[in-house]
Protein chains: 2
Amino acid sequence: MTRIPAAERRAALIDAALRVVSRHGLAQATTRAIVAEAGMSLASFHYAFASRDELVDELITTVVGREQQAVLPDLIPGQTLHEIVEAGLLRYFEHLRSDPEHEQAMLELTQYALRSPERHPLAAAQYAKYIELAARSLELGAEIAGASWTVPVERVARVLVAFTDGLTLTWLVDRDDDAARAVAAAAADALTRMADTR
Amino acid sequence: MTRIPAAERRAALIDAALRVVSRHGLAQATTRAIVAEAGMSLASFHYAFASRDELVDELITTVVGREQQAVLPDLIPGQTLHEIVEAGLLRYFEHLRSDPEHEQAMLELTQYALRSPERHPLAAAQYAKYIELAARSLELGAEIAGASWTVPVERVARVLVAFTDGLTLTWLVDRDDDAARAVAAAAADALTRMADTR
DNA sequence: GTCTATACACCGATAGAC
DNA sequence: GTCTATCGGTGTATAGAC
């Protein structure tokens with residue numbers, strides 16, 4: 001095997017780890033399974049990371065922050081705020097349907113972080129980012145629709161994130177597409193009522 | 001140790017397992033940890049259960065179905081449907097606040113079940129029970145308030161369960177009580193709009 | 001039936017040859 | 001730096017004494 005910079009090796013292992021977690025769950029993401037997925041030897045793992053925990057921590061902080069833009073709706077002028085919000089939720093749902101294992105992996109990583117006091121802040125920081133991104137999208141949506149939020153937008157965003165999590169978890173369990181779309185519609189209703197839609 | 005019927009021993013191990021999962025997570029709920037919690041020897045475990053998986057399966061099917069009544073609101077005549085629904089959600093939230101580890105354990109068990117095809121139906125069956133219970137509560141609430149659901153009540157219940165899950169997960173992460181209550185209020189809004197409130 | 005002692009697999013992590 | 005080989009520890013499960 002040729003020589004590979006440490007940073008690159010770390011990135012490759014992170015990618016491999018995410019694939020393993022998505023496919024088989026965090027419990028099955030052993031160092032051996034991860035290096036096999038990455039096509040490396042076992043010893044290279046501890047050359048790049050001090051421990052498995054170090055990799056999992058980095059997995060939580062880096063990977064969760066990647067494809068956040070998937071939730072951004074198409075912002076088409078002329079749409080009502082309700083239409084914009086619902087379209088954003090449905091776009092997220094299509095993302096979930098296209099790669100359910102990935103969202104399941106995210107949930108597992110979050111729950112893992114919640115289990116140890118020193119890792120809990122990692123999960124909290126990620127959710128803070130989610131809320132921030134959601135808030136920006138909601139602001140943009142209101143601007144396009146000519147509406148304005150009557151509740152602090154961060155609070156609206158927090159509700160949106162909660163609704164999204166609930167949609168995800170229940171759909172992962174029952175795979176009921178129609179029910180999930182009903183959740184999206186109800187959520188759009190609730191959120192739009194937090195705005196003055198002019 | 002005195003002789004104990006197998007059924008009783010199974011029940012004691014199930015209880016002990018739930019306590020261990022709540023305190024330390026499913027990954028830490030090893031056979032050794034469970035029998036230590038139950039005050040038994042390691043061999044008694046495999047006298048009562050063929051395998052650890054068998055215990056976890058029973059944990060999912062039995063324990064999840066126990067305290068479902070916690071969500072039932074006080075049904076006070078004279079309240080509006082919105083008040084009844086929101087009170088039910090807030091009652092659930094107080095239950096969550098009083099024993100967050102238990103709800104976290106439930107989430108972990110659900111996610112574990114989702115990871116293997118043969119266990120997925122266990123999670124689906126539990127959620128079906130949740131939805132059924134929620135539907136009955138919603139019917140009762142509408143009756144008391146003199147309202148009627150304009151959407152099939154099972155569909156309303158499915159949305160309620162999704163909102164509850166989202167409230168749970170986000171609160172477990174950020175422990176923001178006010179934000180959780182805002183989610184409950186928004187959810188009550190969305191649900192009430194699925195009814196003709198007279 | 002219930003225990004202690006143990007088998008066996010697999011885990012994270014490291015030693016040491018190259 | 002990168003590998004193979006291995007260590008120490010812990011997991012599930014079982015054998016065998018009582």
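The basis for the numbers below is simple: all heavy atoms, side chains too, and nothing from hydrogens, waters or symmetry mates. In the text below, chain A, chain B and the rest are named by the order of the sequence lines, each starting its count at 1. Remember, predicted model here, so these are calculated numbers, not experimental data.
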Counting N and O atoms only, with roles assigned by atom type, does the side chain of A:His120 sit under 3.5 Å from a partner on the main chain of B:Val173, one being a donor and the other an acceptor?
yes
Judged by atom type as modelled, is there a donor-acceptor pair below 3.5 Å linking the side chain of A:Trp149 to the main-chain atoms of A:Leu138?
yes
Could you walk me through whether B:Ser22 and B:Arg19 satisfy the side chain to side chain contact (heavy atoms under 4.5 Å, CB included) test, starting with their C-alpha distance in whole Å, then the side-chain angles of each, then the deciding distance to 0.1 Å, before giving a yes or no?
CA-CA 5 Å; B:Ser22 295; B:Arg19 287 195 297 274; 5.8 Å; no
Do B:Asp176 and A:Tyr127 have side-chain atoms, one donor and one acceptor, less than 3.5 Å apart?
no
Is it the case that A:Tyr92 and A:Thr168 place a side-chain donor and acceptor less than 3.5 Å from each other?
yes
Assign A:Ser44 to base, sugar-phosphate, or nothing according to its heavy-atom contacts below 4.0 angstrom with the strands shown.
sugar-phosphate
Cationic N near anionic O, under 4.0 Å, A:Arg158 to B:Asp174
yes
Output the rounded distance in Å from [atom1] ([X]) to [atom2] ([N]).
X: A:Leu42; N: D:dT6; atom1: CG; atom2: C1'; answer: 11 Å
X: B:Phe45; N: C:dT2; atom1: CZ; atom2: C1'; answer: 16 Å
X: B:Leu13; N: D:dT12; atom1: CG; atom2: P; answer: 13 Å
X: A:Tyr47; N: D:dC3; atom1: OH; atom2: P; answer: 11 Å

Out of curiosity, B:Leu140 CG to B:Arg136 CZ, how far, rounded to the nearest 0.5 Å?
10.0 Å
At what distance, to the nearest 0.5 angstrom, does CD of B:Gln111 lie from CG of A:Leu26?
10.0 Å
Looking at residues 21-34 of chain B, who's got a heavy atom less than 4.0 Å off DNA chain D?
B:Thr30, B:Thr31, B:Arg32
Where along residues 48-55 of chain B does a heavy atom fall under 4.0 Å from DNA chain D?
B:Ser51, B:Arg52
Side chain of B:His46 - closest among D:dC3, C:dT2, D:dA13
D:dA13
Please tell me which of the listed nucleotides, C:dC3, D:dC3, D:dT2, lies nearest to the side chain of B:Ala43?
C:dC3
